[in-house]
Amino acid sequence: MKIYADNAATTKMSENAIHTMVSLLEDSWGNPSSLYAHGQMAKEVLEKARADVAAVIGASPDEILFTSGGSEADNQALRSVAELGRKKGKMHIISSAFEHHAILHTLERLKKEDFEVTLLDVHENGLILPEEVEAAIREDTCLVTIMFANNEIGTIQPIREIGRICREKNVLFHTDAVQAVAHVPINVKEDNIDLLSASAHKFHGPKGVGFLYAKKGIRLTNLIEGGAQERGRRAGTENVPGIAAMAEALKETSSRMDENTAHLTKMRDKLISGLAEIPHSALNGDATHRLPSNVNFCFEGIEGESLLLLLDDKGIQASSGSACTSGSLDPSHVLLAIGRVHDVAHGSLRLCLGEDITEEQVDYIIKSVKDVVSYLRGFSPVWRDLMSGKARFIL
Amino acid sequence: MALYSEKVMDHFRNPRNVGVIEDANGIGEVGNAKCGDIMKMYLKIEDDVIQDVKFETFGCGSAIASSSMATELIKGKPVSEAMKLTNKAVAEALDGLPAYKMHCSVLAEEAIQSALEDYQKRTGKTFE
Ligand SMILES: Cc1ncc(COP(=O)(O)O)c(C=O)c1O
Ligand SMILES: [Zn+2]
């Protein structure tokens, strides 16, 4: 059996998106900035994609800026609002401790440029409380940036509520919705979102393509200077085939959201209850306010990388927040942010299911994880100490 | 390209000398759960020769493979020779480790050294 359960890392491109991309590479390779028909044909494709993307999230086409992916969209959103803030003398930004590094590292840079950053606690369940956002907003706050859904533990934040508070307080609100777009309902107007980042490869589109939604009237700062593409806000000849494939994938995946959610939620909850039978294990993140595809567990007494390698041998591709998978000595900042101590954070497993997952596959994953965890515990000195009472169980 | 060499994967999938020696006369434990790798080595030494060795490891693929290979390299060897085991020898015997995984082989060397020290402490002997 071969099961790809790492859909938060990336997704397989849909056949329609591949077809869209290939046919454009073959037929419509003109430069959208050129005035002859072949160029204008590409321009049309580009603007159609913009309209399609906008429609899916309830925006208007001129509020969509195409980027090279989620990271660029995050960088540009934060830089832009920070510039606006600086002009008004508002140099305080609110975010959370478990944002993606595209946000956290940009905030670090902004701190060096004299911005002040408040990182909100995400609590044990991985959820931010709107009232804590409200309490953190100051006179000089220019931006609140909170991710829609977390990429490791899948928790979905009360975005609409946070957005409402930001509107009331006249503070711009950005959300990194890379993990959420096309998987959970999003309407930027109803959800009170001023800026939103998305990435095509998380919803069956190509890698290296994404978009930034910025509400009309928000002046964006260029990260890339050059030609007048993207209304002068992002230079460089547009990746027309990639952008059109993204729009195709976005429409397609979004149109199946209801059925996908129903099926995935069932599979997710079955997987969660199966894995919860493993002694001294714990689900990471709230059980209900989470992406329908996301399961994330900690197993005490084992290390994540060896778990992943053995699951890979059984045909299951997954990921972990252990230090040894990240190449650093620290385990995932997300698991630390929800209060998992190093000892158990190393033993984490993230399974992010694809829409085509079957019940039989879920059963196979449960059995495989159970087998591997008990095998690894069998020669773990940490487990021995826990079992003998020399050390105390945390989970 | 795979992350690890076939040798590493072989020792990871089929670790040699896994377990505990109840009447070990040299035990060493190194690493900590904070950094993510912990190794425990058990030695049974007779006439200053390592008759048996077993290990337990909490850690990544290269930590498990390094422990396994280290035990193979010292099994049946005189203590004085085992003292000379280096992490480089462990890594080389595994046909190399990724650069950021070298610390796992260092840990294997340290675990063996720590168990040998314990043996010296228990017996009052010193080896160079
Ligand atoms: C929450 C989140 N933000 C941003 C990104 C970065 O997106 P991209 O890989 O398209 O730059 C990712 C992807 O890993 C993500 O999960
Ligand atoms: Zn390691």
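Hydrogens, waters and symmetry mates are skipped; everything else that's a heavy atom, side chains included, is used. Chain naming here is simple, since letters A, B, ... match the order of the sequence lines and numbering starts at 1 in each. It should be emphasised that the depicted structure is a prediction, and the values quoted were computed from it without experimental measurement.
Using a distance-only test at 3.5 Å, with no hydrogens or angles considered, no donor-acceptor pair links the side chain of A/Glu303 to the main chain of B/Gly36. A distance-only check finds a donor-acceptor pair linking the side chain of A/Ser306 to the backbone of B/Gly59 [under 3.5 Å].
Nearest heavy atoms, A/Tyr375 versus B/Arg13: OH-O, 3.9 Å. Between B/Gly61 and A/Glu305, the shortest heavy-atom contact is N-OE2, 2.8 Å.
In the displayed structure, A/Glu124 atom CD is contacted under 6.0 Å by at most 12 heavy atoms of other residues, nucleotides or ligands. Annotation: A/Lys12, atom NZ; neighbour count of heavy atoms from other residues, nucleotides and ligands within 6.0 Å does not exceed 12. Other residues, nucleotides and ligands contribute only 12 or fewer heavy atoms inside 6.0 Å of the CZ atom of A/Arg109. The environment of CG in B/Asp23 is crowded: more than 12 heavy-atom neighbours from other residues, nucleotides or ligands sit within 6.0 Å.
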Item to complete: Evaluate side chain to side chain contact (heavy atoms under 4.5 Å, CB included) for B/Phe58 paired with A/Leu376, printing each intermediate quantity in order.
Response: CA-CA 8 Å; B/Phe58 163 99; A/Leu376 288 172; over 6 Å; no
Item to complete: Please step through side chain to side chain contact (heavy atoms under 4.5 Å, CB included) for the pair A/Phe379 and B/Val20, ending with a clear verdict.
Response: CA-CA 9 Å; A/Phe379 63 100; B/Val20 176; over 6 Å; no
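Here A/Arg384 does not pair with B/Glu29 in a salt bridge; the nearest charged N to carboxylate O distance is not below 4.0 Å.
Annotation: the span from A/Asp312 atom CG to B/Leu3 atom CG amounts to 10.5 Å, rounded to 0.5 Å. Note that SG of B/Cys60 and NE2 of A/His346 are 10.5 Å apart. Values are rounded to the nearest 0.5 Å. Note that OG of A/Ser380 and CE of B/Met39 are 12.5 Å apart. Values are rounded to the nearest 0.5 Å. One distance of note links CE of B/Met9 with CG of A/Leu309; it measures 5.0 Å at 0.5 Å rounding.
No part of A/Leu307 comes within reach of chain B, as not one of its non-hydrogen atoms sits under 4.5 angstrom from that chain.
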